[in-house]
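Take a look at the structure set out below.
Here is how names work: the chains are called A, B, and so on, in the same order as the sequence lines, proteins then strands, and each is numbered from 1.
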Number of protein chains: 2
Amino acid sequence: MATMQEVATRAGVSIATVSFVVNGTKRVSPATRERVTAAMAELGFRNNVVARALASKRTRIIALLHPALEHRLGSTSMKFFMSAANRASELGYHLVLWPVVTGPDELRDLLSGGLVDGVVVMEVKMEDSRIERLTDLRVPFISIGRTADTTHLPFVDIDFEKTMEDGLDYLTGLGHRRIGLVIEDLEGTSMAGYAPHIRSERTFRESMTRRGLLPHVVTCGPGAAGGRQAAADLLATEPDISAVIVMKDDSAFGLVRGLSTAGRRVPDDVSVLSIASSDEAGAQSEPVLSTMNAPGHELGKLAVEALIEQLDGAAAPDAELPHLLLPCLLHVAGSTAPAPA
Amino acid sequence: MATMQEVATRAGVSIATVSFVVNGTKRVSPATRERVTAAMAELGFRNNVVARALASKRTRIIALLHPALEHRLGSTSMKFFMSAANRASELGYHLVLWPVVTGPDELRDLLSGGLVDGVVVMEVKMEDSRIERLTDLRVPFISIGRTADTTHLPFVDIDFEKTMEDGLDYLTGLGHRRIGLVIEDLEGTSMAGYAPHIRSERTFRESMTRRGLLPHVVTCGPGAAGGRQAAADLLATEPDISAVIVMKDDSAFGLVRGLSTAGRRVPDDVSVLSIASSDEAGAQSEPVLSTMNAPGHELGKLAVEALIEQLDGAAAPDAELPHLLLPCLLHVAGSTAPAPA
DNA sequence: CTGAAAGCGCTTACAG
DNA sequence: CTGAAAGCGCTTACAG
C-alpha cells in the first residue's frame with residue numbers, strides 16, 4: 001500500500017520521476033531508474049488505479065455491456081466475451097462483463113466518470129437507445145451487432161443475410177423445396193426487435209419468395225420442450241416439409257425429437273440445419289446436427305481491436321468506421337440429406 | 001459533464017453542500033436542497049465515480065473473478081453470475097464479471113487501488129493461491145466454492161459430499177450395486193485440483209467402499225465425444241454396470257448414446273444420473289435425464305448478501321464467517337429406473 | 001534528465 | 001444548517 005510519494009522519498013527523487021519510471025512516460029537516467037525501481041520493490045509499490053484514472057482520464061478498462069436481466073448469455077455470447085477479453089488482455093487492457101441492469105442512467109454514471117475507457121455493446125436491437133446514448137456521451141464504443149441504421153455506427157456483426165442465403169442455397173441444392181424456419185419468439189419481451197432474429201426471418205421470407213417457394217415460419221419457446229412444440233406446429237402448417245432451418249441452439253435437439261415423434265426421420269425424411277450455432281452444440285444432438293457456425297471468436301477479437309485502435313488514437317482521424325460482417329460457416333454433419341424423392 | 005463545483009456556483013452554495021445533497025450524507029435545509037437539485041438538473045450533473053472513489057475509498061463495485069482462460073464459463077457459473085449480479089443491483093451495487101487473465105499481480109493492481117470494494121471468487125481449487133492473496137491484501141471477499149482448509153475462508157458452496165451421498169442413496173435404493181462415476185479429467189491442466197471434482201470423486205470412492213461396493217471411476221474428455229468414450233471405458237471396466245453418475249453436463253448425452261451404441265438401453269439396462277446439473281440441461285437428452293440440480297441461483301444470491309453485509313459493516317465485528325453449504329436437489333426424470341433383475 | 005506545482009473531481013473532519 | 005480547506009494518489013505541462 002505504499003504510495004508514489006513514499007517511493008519518491010525513499011529513492012530521493014521527486015514524485016514526478018517515479019511516475020515517469022512507472023509509466024515509461026519520459027527518459028530517466030539508468031542510475032535514477034535503478035534507485036526508483038529498488039525503492040518500489042522494497043516498499044511493494046502498486047500504482048493506484050483509481051488515482052491514475054482521475055489524473056489521466058485513462059483506466060485501460062473496457063466494459064462489455066450485457067442486458068443481463070433480459071437475455072440470458074448464450075454460448076455464442078460467451079465466445080464473444082472470452083475472445084474479446086483475451087485480445088484485450090494481449091493489448092494491455094482489461095475487459096469486464098458489465099450487466100446493465102437498470103435504466104439508462106446507470107450507463108451515464110458509469111461512463112461519465114471515466115471509469116471505463118470504452119464500451120462494447122452486444123445483443124443489439126434494430127432500434128437501440130443505448131447506441132444513441134453512447135453517441136451522446138461521446139464514449140468510444142463498438143457494437144457487436146447492428147441497428148437498422150448503421151450510418152454512424154461502428155460495428156462487427158454476423159452477416160445474417162448471407163448466412164441465410166447460403167443456408168438456403170445449400171438446402172435447395174439438395175433438392176429441398178418445402179423449407180421451414182424455426183425461430184425464437186421475442187414479441188412482447190424486452191428483447192423484441194432483437195436484430196439477429198429480425199434480419200434472419202426477413203431474409204428467409206424474401207429469399208424463399210424470390211426462389212418461388214413458400215416461407216413457413218414457426219416460433220419456438222424455450223428449451224427442448226419449445227423445440228418439440230415447434231416441430232408439431234411446423235408439421236401442422238406443412239405436413240410435407242422436407243427441411244427446417246432452426247436458429248435456436250437449445251431447442252434444436254427438441255425439434256429433432258419432435259419430428260421423430262411425429263414419424264419423420266432426420267435426415268431421411270426431414271433435414272435440419274441449425275444456424276448461428278457451433279460444432280459443439282451440434283454434437284449434442286442425435287444425429288449430429290449440420291450447423292452454420294457463428295464466428296464468435298473472430299468477432300470478439302475484431303471488435304476489441306477496432307475499439308482499442310480508436311482508444312489509442314491509432315486510427316486516422318478521418319478513418320472510416322469499422323463495418324465488419326462475417327457469415328456463419330456451413331459444417332455438414334448428420335442431420336441434412338438430399339430431399340426425399 | 002458538469003462538475004460539482006459548477007453546480008455549487010450555480011446554486012450559490014459550497015461544493016460541500018452539493019456533496020451532502022448528492023449523497024444524503026448530512027441534513028440540508030429544504031430550500032437549499034431545492035436550489036442544488038435544480039442546478040444539478042439544469043447542468044445535467046453526474047457524480048464522477050472515479051473522483052468519488054478516490055476520495056471516499058468506496059466504489060460500490062464488486063468483482064466476480066473468473067479464470068477465463070483456464071476454465072470455460074459453464075451454465076452453473078452463469079447462473080451464479082446472473083443471480084449475484086441481480087442481487088447486487090437490488091442492494092445498490094454493481095457486480096461485474098472480471099476475467100483474471102494473467103498472474104496474481106493483476107489481482108493486486110486491481111484491488112490495491114480501491115477500484116472494487118469487494119470480490120467474489122469462483123472456480124476454487126483445493127489449494128488456491130488467490131485466497132491467500134486476497135487475505136493478504138485485506139480485501140473483503142467471499143468464495144463460491146471452498147478450499148481444503150476453510151478455517152478462515154468465508155464461503156458458500158454446493159455440498160458435494162451430501163449430493164453424492166444422496167445420489168448413491170437414491171441409486172442403491174433402486175437396487176443398483178454396480179455403479180460407475182464419470183468425471184472430467186483435469187489432471188495436467190491448470191484446473192487440476194478443482195475442488196468440486198476432488199470432493200465428489202473422493203466421496204464417491206469412500207461411500208461406495210463403505211457400502212461394500214466397488215467404486216468404478218472413469219474420466220471423460222470434452223463434449224459429446226468425451227461422453228461416448230467414457231461409456232466405452234466404463235463398460236470395459238465393468239460390463240455389468242447398472243448405474244452411472246455423471247458430473248459433466250456437456251458429456252451426459254454423449255454418455256447415454258455411447259451406452260446405447262454398446263447395446264445398453266437407458267434406463268432399462270443402465271440408469272444415468274447427472275449431478276451438479278439442471279433440469280434444462282437434462283431436458284436436452286433422450287430420454288430426459290434424471291438430475292441433481294445445482295443451486296446456482298441461491299448461492300449467487302447468498303454470496304452477494306454475505307459480502308455486502310461485510311462491506312456495509314452490518315456484520316457484527318465478531319460475527320462468524322459465512323459457511324453455507326447447499327446440496328443439489330434430486331429431480332427424477334426418465335434416465336433412472338430400478339436395477340435390472 | 002529532474003523537480004515544483006497545479007490539477008483531476010470529489011469527500012469529510014473541523015469550525016462556526 | 002453551511003462553508004473553507006485539506007486530502008485521496010496520481011499525471012503532466014512547464015521550467016530549468
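- Atom CD of B:E42 has more than 12 heavy atoms from other residues, nucleotides or ligands within 6.0 Å.
- The stretch residues 53-62 of chain A touches DNA chain C through A:L54, A:A55, A:K57, each having a heavy atom under 4.0 angstrom from the strand.
- The CG atom of B:L307 sits 11.0 Å away from the CD atom of B:E305 when rounded to the nearest 0.5 Å.
- With sequence neighbours excluded, no residue forms a side chain to side chain donor-acceptor pair (under 3.5 Å) with A:T147.
- Contact check for B:I61 versus A:L115: side-chain heavy atoms found under the 4.5 Å cut-off.
- DNA chain D lies under 4.0 Å from at least one heavy atom of each of the following residues of residues 25-33 of chain A: A:K26.
- The neighbour count for B:E127 CD, taken as heavy atoms of other residues, nucleotides or ligands under 6.0 Å away, does not exceed 12.
- To the nearest 0.5 Å, atom CG of residue B:L64 and atom CH2 of residue B:W98 are 12.0 Å apart.
- Heavy-atom neighbours of A:E90 CD from other residues, nucleotides or ligands within 6.0 Å: above the threshold of 12.
- A distance of 13.5 Å separates CD1 of A:I131 from NE2 of A:H152, quoted to the nearest 0.5 Å.
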- So what's the dot-bracket for DNA chain D: Watson-Crick or G-U pairs under 3.5 Å, [ ] if a pair crosses, | if it pairs off-strand? |||.||||||||.|||

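- In this structure, B:L321 CG and B:S143 OG are separated by 11.5 Å, a value rounded to the nearest 0.5 Å.
- Of all nucleotides in DNA chain C having an atom under 4.0 Å from a heavy atom of chain A, the first and last in 5' to 3' order are C:dC1 to C:dG9.
- Across all non-hydrogen atoms, the minimal contact from B:M122 to B:R130 is O-NH2, 2.9 Å.
- The two residues B:V119 and B:V116 come nearest to each other via the heavy atoms CG2-CG2, 4.1 Å.
- To the nearest 0.5 Å, atoms CD (B:Q310) and CG (B:D312) are separated by 10.5 Å.
- Atoms OG and CZ, on A:S29 and A:R35 in that order, are 7.5 Å from each other to the nearest 0.5 Å.
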- Message: As a quick check of understanding, evaluate side-chain contact (heavy atoms from CB on, under 4.5 Å) for B:F81 and A:L97, giving each step before the final call.
- Response: CA-CA 10 Å; B:F81 169 52; A:L97 184 60; 3.7 Å; yes

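- Of the residues in residues 10-22 of chain A, those with a non-hydrogen atom less than 4.0 angstrom from any atom of DNA chain D are A:I15, A:A16, A:S19, A:F20.
- Contact detail for B:R60 and B:D117: the closest heavy-atom pair is N-OD2, 2.6 Å.
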